[in-house]
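Notes for the one structure printed next.
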Amino acid sequence: YRRELGGQNHLDKATGLALQTKNIIVQYVERFPAVTEINEQGWAMKTVGEGKAKVFLDGKEYDGTWKKVSVKARTKFFDPSGNELKFNPGVFWYEIVPPGTSVTSSS
């Protein structure tokens, strides 16, 4: 998968090569207003629990789920049949978005 910026390939500044990956995760999580340490309004997100996910992997798109049992646990991602997804080694693009966010692939 290649990343675009302004309708063109997004290039790595150091190498000039197009940014790309074989693993894209979109995790849908609840968010709620929170006050930061410097009293600015921000968002907190509920990342322990479970919810919906969209995964782009090896040219396939999965509408699956995620599950994280504790703060120190690893988040796991599952396909529609409930099987844990196995990712490619290397670079990941990981987006955490609120429920209802529209996500599409332009492949």
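Note that the structure is predicted; figures quoted are calculated from it, not measured.
For the pair V55/E61, no side-chain contact is recorded, criterion being any heavy-atom separation below 4.5 Å from C-beta on. Two residues are said to be in side-chain contact when any heavy atoms from C-beta on lie closer than 4.5 Å; Y62 and F77 fail this criterion. Residues R2 and L19 form no side-chain contact, since every pair of their non-hydrogen atoms from C-beta on lies 4.5 Å or further apart. Taking the side chain as every heavy atom from C-beta outward, F92 and I25 approach each other to under 4.5 Å. Contact annotation: the side chain of D58 approaches that of N88 to within less than 4.5 Å [non-hydrogen atoms, C-beta and beyond]. Considering only heavy atoms from C-beta on, W43 comes within 4.5 Å of P33 through its side chain.
Summarising the geometry of V48 relative to K68, their closest heavy-atom pair is CG1-O, 3.5 Å, with the distance given to 0.1 Å. The heavy-atom pair separating V29 from K46 by the smallest distance is CB-O, 3.5 Å. Closest non-hydrogen pair, W66 versus Q27, comes out as CD2-NE2, 3.2 Å. Here the closest heavy-atom approach between residue V97 and residue V26 is recorded as CG2-CG1, 3.7 Å. Taking all atoms of both residues into account, the shortest heavy-atom contact from K54 to D63 is NZ-OD1, 2.8 Å.
Interatomic distance, CH2 of W93 versus CD of Q20, reported as 7.5 Å (0.5 Å rounding). The OG1 atom of T65 lies 10.0 Å from the CD atom of E84; values are rounded to the nearest 0.5 Å.
Of the possible polar contacts, one joining the Y1 side chain to the L57 backbone as a donor-acceptor pair under 3.5 Å is found. When atom types are taken as modelled, the side chain of N9 and the backbone of L11 share no donor-acceptor pair closer than 3.5 angstrom. Under a 3.5 Å cut-off, the side chain of T21 and the backbone N or O of N23 do form a donor-acceptor pair.
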*asked:* Checking Y28 against T101 for the side-chain contact (heavy atoms from CB on, under 4.5 Å) test, could you report, in this order, the C-alpha distance in whole Å, the side-chain angles of both residues, the deciding distance, and whether it holds?
replied: CA-CA 8 Å; Y28 295 92; T101 302; 4.2 Å; yes

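Salt bridge annotation for E30-K52: absent, with no cationic side-chain nitrogen under 4.0 angstrom from a carboxylate oxygen.
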